[in-house]
Amino acid sequence: MTTAEQPKGLCHRNVRTPESDEVSNPDRGNNYLQEEDLRQWQKHAQNVKVKVLEQVQDQLSDILDKALTESVQPFTQLQPTVNGKTNKKPSSRSQRMDDGKVFMTRQSLLDELFEINHIRTIYHMFIAVLLIFCMSTLAVDYIDQGRLVLEFDLLFFAFGKLGTVTWAWTVMFAYTLLVPYYTLVFWGSLYHTFPSKLGISLSTGLVLAAVQTYVLGHFPIYVVVHYQLPPASRFIVILEQIRLLMKSYSFIRETAPAVIKNTPKEGESPRFPTLSSYLYFLFCPTLIYRESYPRNSHIRWKYVAVTLGMILGCLFYGYFILVRLCVPVFRHEAHQPFSKRTMVLAVFNSILPGIMLLLLCFFAFLHCWLNLFGELLRFADRMFYKDWWNSTSFTNYYRTWNVVVHDWLFYYGYRDFLWLSKRKFRTAAMLSVFIVSAVVHEYALSMGFGFFYPVMFCLFAVFGVVFNFTLNDKRQSPVFNVIMWACLFLGQGVQVCLYCQECWQRLVGGSRYVNQPMTGSTASYQSATKPVFVCLLRPSEVIQEEED
C-alpha cells in the first residue's frame, strides 16, 4: 500500500523519525534538513530585523537633529586658511557660546513618540487612571451623601478673582510692550551722536531699571498681597511677572549690541527692530529674542483643540490627585502627634502624588501649553524639552528638562559670566546660575502659597548642586538612570509632604479663625475649602494674635 503524497512546502509531523525517512527516501531527508535550516535562518533574520529597527528608532532622531544643525550653519563659520593651512575648528561648546541659539523647524519629542503605538499606550494608561479617579470620587460621594455629582469648588476658588488678574496682566503686558521698546529707540537714536556714549547708556539704563523695578517688580507683589488673590491666581500673576522680565531683558540684551556695532551712515537713522517682531516675541514660546523665527505654513486647528483639551484634562487630573491622594493623608496625620515615624510615613505616602504632579506639570506646561501657543503663532521650533527621562546624570537632566528656561540661563547667565571673567571661573558661573534659579523658584512658590518655606530652595541650591557635580555627564550606565529617578521620587515626596503639612496646619488655624469646624467626612471638605486659602493668605502670626 502506498501512502498519500504530502503537499510540497508543508512540513507535517509523523511517527517516523527523520533518520528512518532519510534511509528509506534520501531525497525526502534532504528536503527536511533544508526546510529546518530555512526556518532557523528565517527566525534569525527576524531577530536581526527587530534589533536593527530598535537601534534605528532610538538613534534616528539624534542623527536628524545633528544633520539639521550642521546644515543650517552658514558657510561664513568655516575657518579661513592661513599659509595653506586651515585653522583649528573650535569645539561645539565654544562655538555654541559664541554663535548663540539656532532656531530650526522641528517637532516636540512627545509628538514624535506618540506616533508609536507602544508609547501612546502609556498616554492611554494615564487617561484610564483619570477615569478611575472620577469614578472613585463619584462612588465615595454616593456612599457618603447619596449623590452622583462631581464638585469642583476648590478648583473654582483657586482660580478666583480672575478680573483682578486680567487687569493686572494687562498693565504689565502694556508696559513690557511699549516702555522697553521705545526706551531702546530713544537710546539708539542718540547713542552715535551723543558726546558721552557711556553717560547716555548709564543714565538710560538706570532710569529703565528703576521703572522696571516698580512696574514689573513691586506692582505684581502689591496686587497679589493687597487683593489677597487665591493661590492659582497668584501663580498666574507671579509667573507672568517673571516671564515678562526675562522677555524684556532678552530683547534689550540682543538688540543693544547690534545698535552699538552698526554705526549708521551720515544722514541715515539707526535701524531698530520692528514693534511687530517684538510683539510676536512676547507671545511666542521662547525666551531668546530674534527678529524672525522659522514659521509653519498653516495652523492645525484640530491639533489646537486636542491640546487645549489635554490642558483642561491635566488641570482636573491635578485636582483629583490633591483631593484623593493628599487631603485624606494629611487630614488623618493632623490629629496625630509629630514623630519620626509619622514623618517618614508621610514622605513615602507623598511620593506617588508628588511624581504624578511632576509629570503633570511637565506635560501640561512644557508640552501642551507651549505647543498650543507655538501652533497658534505658527512657531516652528518646538524643542521645548529633550528626553530628560533617559538622563543618567543630573547635569543632563537640568539641561533637558526645560530647554526654554535653560537657554535663557545659559546665554544670559552662564555665558555672560564667563565673558566678564574672560572664560575663567566656570564653577563659579555654574553655581551663580544655580543660586539665581533656586531663588526665583522659591520666590514663585512663596508668593503663590502665601508663606515662606524654603524647601524648594534647599533641595535646589544644596542637593541640586551636589548631584550636578557628582552625577555628571561621565555617568553613562543605566544604573544611574535608576538613581536619578529614585532621587526625583524622594525629592518630590519631600516637597509634597512638607508643603502639604504646612498648608494643613495653617488650614486648622484658618478654620478656627473663621469658626468653621473640621470633620473627617468627605462632605466637610467642601466647607473646609475656603479656610484653606484664608490661612494661605493670612500669616500664621496674625491668626495666632487674633485667636489670643
Side-chain angles (χ1 to χ4, degrees), residues 122-145 149-159 231-232 235 310-336 338 341-365 445 448-449 453 455-456 459 485-508 511 518-529 531-533 535-536:
I122 301 176
Y123 170 71
H124 295 160
M125 292 167 59
F126 276 90
I127 297 179
V129 174
L130 176 60
L131 296 177
I132 295 298
F133 274 133
C134 294
M135 291 189 293
S136 172
T137 303
L138 286 173
V140 172
D141 288 345
Y142 180 76
I143 293 174
D144 291 345
Q145 301 296 323
V149 179
L150 288 175
E151 293 186 351
F152 302 100
D153 291 346
L154 173 62
L155 190 64
F156 293 147
F157 187 85
F159 286 91
F235 276 109
M310 290 191 293
I311 294 174
L312 295 177
C314 291
L315 189 63
F316 289 107
Y317 214 138
Y319 168 81
F320 281 117
I321 290 175
L322 291 175
V323 171
R324 306 304 308 168
L325 298 182
C326 293
V327 171
V329 171
F330 294 99
R331 176 186 294 164
H332 174 71
E333 292 180 354
H335 303 285
Q336 296 182 356
F338 177 80
R341 177 182 178 276
T342 58
M343 185 64 187
V344 172
L345 290 178
V347 170
F348 282 96
N349 286 331
S350 302
I351 286 178
L352 177 60
I355 200 64
M356 293 184 70
L357 289 174
L358 176 70
L359 296 177
L360 277 177
C361 290
F362 159 74
F363 184 76
F365 179 72
L445 290 178
F449 287 132
Y453 197 29
V455 178
M456 169 67 80
L459 292 177
W485 274 106
C487 294
L488 286 180
F489 281 131
L490 290 175
Q492 288 301 118
V494 169
Q495 289 188 68
V496 171
C497 173
L498 295 181
Y499 279 116
C500 285
Q501 283 182 345
E502 180 67 18
C503 289
W504 197 259
Q505 292 302 321
R506 292 169 180 266
L507 166 63
V508 175
S511 61
M518 295 293 297
T519 62
S521 64
T522 306
S524 67
Y525 182 74
Q526 179 181 357
S527 64
T529 298
V532 173
F533 299 102
C535 69
L536 290 178

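Just so you know, these numbers come straight off a predicted model, no measurement behind them. Just so you know, residue 1 is the first one in the sequence shown, and it goes up from there. Keep in mind that the numbers below use all heavy atoms, side chains included, and drop hydrogens, waters and symmetry copies.
- Under the 4.5 Å side-chain criterion, counting only non-hydrogen atoms from C-beta, Leu315 is not in contact with Tyr319.
- You'll find the side chain of Leu352 stays beyond 4.5 Å of the side chain of Phe489, heavy atoms only.
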**Message:** The test is side chain to side chain contact (heavy atoms under 4.5 Å, CB included); show your working for Val129 and Tyr317 and say whether it passes.
**Reply:** CA-CA 9 Å; Val129 174; Tyr317 214 138; 3.1 Å; yes
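- Here the closest heavy-atom approach between residue Phe363 and residue Tyr123 is recorded as CZ-CE1, 4.0 Å.
- Counting heavy atoms from C-beta on, the side chains of Met135 and Ile132 come closer than 4.5 Å.
- Within a 6.0 Å radius of CZ in Phe362, other residues, nucleotides and ligands contribute more than 12 heavy atoms.
- Here the closest heavy-atom approach between residue Ala158 and residue Ala232 is recorded as O-CB, 3.0 Å.
- Note: Ser136 OG to Leu131 CG = 12.5 Å, rounded to the nearest 0.5 Å.
- Across all non-hydrogen atoms, the minimal contact from Leu445 to Met456 is CD1-CB, 3.5 Å.
- Here the side chains of Phe126 and Leu360 are not in contact, with every heavy-atom distance at 4.5 Å or above.
- Closest approach of Leu359 and Trp485 over heavy atoms only: CD2-CH2, 4.4 Å.
- Closest non-hydrogen pair, Tyr499 versus Tyr453, comes out as OH-O, 3.1 Å.
- Considering CG of Leu130 and SG of Cys314, their distance stands at 9.0 Å, rounded to 0.5 Å.
- The closest side-chain heavy-atom distance from Pro353 to Arg324 is not below 4.5 Å.
- Residues Phe449 and Phe235 bring their aromatic ring centres within 6.0 Å.
- Closest of all the heavy-atom pairs between Ala346 and Gln501 is CB-NE2, 3.8 Å.
- Rounding to the nearest 0.5 Å places SG of Cys497 at 12.5 Å from CD of Gln492.
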